[in-house]
Amino acid sequence: MVFRMLRLLGLRKSFGTMEAVKGADLEIQEGEFFSILGPSGCGKTTLLRLLGGFEKPSSGQILLDGRRIDQLPPHQRQCNTVFQRYALFPHLNVWKNVAFGLQMKAIKGQALKTRVDEALDLVQMQSFADRNITTLSGGQQQRVALARALINRPKVLLLDEPLSALDLKLRQQMKIELLNLQRKLKQTFIFVTHDQEEALTVSDRIAVMNEGVVEQVGTAQEIYEYPRTNFVSQFIGSINCLEARVNTFTNDSIAISSDFKRNFSVRAPRDGLRPLPQVQEGMKVRLMIRPEKFKILKSAPTLDQNHIEASIKEVMYKGPSTQFLLQAKESPETSFSVSQSNSALTAKKTFGIGDRVFIAWAPEDCILMGSENALPVHESSPALELQVG
Amino acid sequence: MERSRPSPPWFAQTVTALTFLLLYIPLVVLVIYSFVSIDPANGQALFSLEWYKQALQDDELRRALNMSLWVGLWSTLGASIIGTATAWALDRFSFPGKQWLDALTLVPLVIPEIVMALSLLIWFVLLKFSLGSISIILAHITFSFSYVVITVRTRLADFDHSLEEAAFDLGATPIQTFGRVSFPLIWPGILSGALMAFTLSFDDFLITFFTAGVGSDTLPIKLYSMIKYGISPKINALSTLILLATIIMVIFAFRPKKSSQSQTEKLKAIG
């Protein structure tokens, strides 16, 4: 069993009448790269500040290695933080910034020197040791902030949107460096971000937050392929929604009807990530399909695939992929967003505005939800236990 | 890089030139006079350091200068401590009557000096506080601490609070955080407030005149009593020395800022 190092139990925080964190329950494992993802104002930074000790919870507990730490001041916690704007001390040079944490532990002389040099080495900043903080670029400051936070060998490293102050190119590069650093040190990283792409690429697991609530916890794949709430499905990537009703169902497939003449069939994918939900006949459901799951065809596909006849309204070339906006023939007010990768075969402009086409998708690529959240699934499903965590 | 701008109209140039002449000619005259002595044999003007010699050898002037420095030093220290503490409290805490305290710290800046001088005198008399160097120091603190409050608060307003959080986070206790991070960062504000407090104390006349006792004359008071018997060129020499000291102090006060700026420029040049 994996060692659960950091546990958050019913953690709440209110500022006056505003409840920033409404009861968070999380378990973070040792050596995990864990992200907290959400839009601004969702409470993710408050959650991180609760972990760092800059805020005291209104109720609930935080346990690190089984010991309660939620009432301890920051300097008594084995967590260190990389702040959003780095918060490097402007009156100290790079070396002294990094040395600060050790000096507070009264580490002196050769031991201090060795460890500071080691830390600077880790982030490839050894040649900048004597430099003034104000003369460093954003990426260099970021590295110094990392070295400074890591030097105390914290059990948990907290990162508060550390990449948001960098420009796009540098952000991509630092993302990879961060990931390599974490793999090398095998240290627990808790990474707060509003950037879904950042979270998806670096994290072992992600907690998606919205309005103070942790909506879903899971791997990048679980969160993308099996969103459990409407918010998660919309916030991570984009998705097409279709209001529908359950027509008939069997053990391994559900037939649903909508504004279209044809019934669409829904099946569980073979990876077991997304089991079929429990439904009743006539139940209102929401059918969701990711844009890249569609295929655009010139003629109607074989019968067992779901398909719709539509016309192309808009074509947007995006480099790696092309995005199409389509209007359904049978239900003109329903439009679909479809993304097709630009492989050598399709790179040529195959489809243009006004073309009449068919869009098809596999029954396994359908996500079925209730009006707000995911429908309950059969309890035997192993995937679900992981989610509840 | 810089956009070329048109030169200002001729009348603006003239007014500016006249203003500056009016401001600085008296100073220039004073400096010149301090170096001039008249040859008793033929009545010709000569360059000499005679007045400097006399000024430095005058015991009474020396005593007055010492008193001014003494008063300036202690009142600056007092004003810096009280001013910094007040600024800190106003920036960090919220308490009942904060707005009033905020306004009250600024009152000494706008209150007529004569009113302040009189009220201080009455207060000292009421308390039967003997007038002397201590009463001058206390009086100077009352008006100069406002300047420290202003300079320190400006510094605190720019202060990034996450720096303190970072220090806590790295294991510093609140006291260590203050000593290692907060204090070094607000120090320039304290320093410029202190310089201002010292300057104000050093050349204050009115309040000192009212609160000084017998034998505690500061330099301005001494100079004033001396010119009642005619202006001695010694005074010119002493004034020139004070002017020089002030210029050196100002250069010193602005130096650290300049050096960090040149570092950034160097970096920009490198790319």
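Convention: sequence-line order gives letters A, B, ...; per-chain numbering from 1.
- B:F20 CZ: 12 or fewer foreign heavy atoms inside a 6.0 Å radius.
- Other residues, nucleotides and ligands place no more than 12 heavy atoms under 6.0 Å from the NZ atom of A:K113.
- Contact of A:L88 with chain B is made through the backbone alone, with heavy-atom distances under 4.5 Å.
- A:H75 contributes no side-chain N or O that, together with a main-chain N or O of B:A167, makes up a donor-acceptor pair within less than 3.5 Å.
- More than 12 heavy-atom neighbours from other residues, nucleotides or ligands sit within 6.0 angstrom of CG on B:L23.
- Distance CE/A:M104 to OG1/B:T173: 7.5 Å, rounded to 0.5 Å.
- A:N152 and B:L170 make their closest contact through ND2-O, 3.3 Å (heavy atoms, listed as atom of the first residue, atom of the second, distance).
- Scanning all heavy atoms of the two residues, the minimum distance from B:L185 to A:P90 falls at CD2-CG, 3.6 Å.
- Of all heavy-atom pairs between A:R148 and B:A166, the closest is NH2-CB, 3.5 Å.
- Within 6.0 Å of OH on B:Y24 lie no more than 12 heavy atoms contributed by other residues, nucleotides or ligands.
- The number of heavy-atom neighbours closer than 6.0 Å to NZ of A:K108, taken from other residues, nucleotides and ligands shown, is 12 or below.
- Put simply, CZ on A:F100 and CD on B:Q176 are 7.5 Å apart, with the number rounded to the nearest 0.5 Å.
- Residue A:F89 holds its CZ atom at 10.5 Å from CG of B:D160, rounded to the nearest 0.5 Å.
- Around atom CZ of A:R68, more than 12 heavy atoms belonging to other residues, nucleotides or ligands sit under 6.0 Å away.
- For the residue pair A:H91 and B:R180, the shortest heavy atom distance occurs at NE2-O, 2.8 Å.
- The local environment of CZ in A:R115 is crowded, with over 12 non-hydrogen atoms from other residues, nucleotides or ligands closer than 6.0 Å.
- Distance CG/B:L163 to CZ/A:F83: 9.0 Å, rounded to 0.5 Å.
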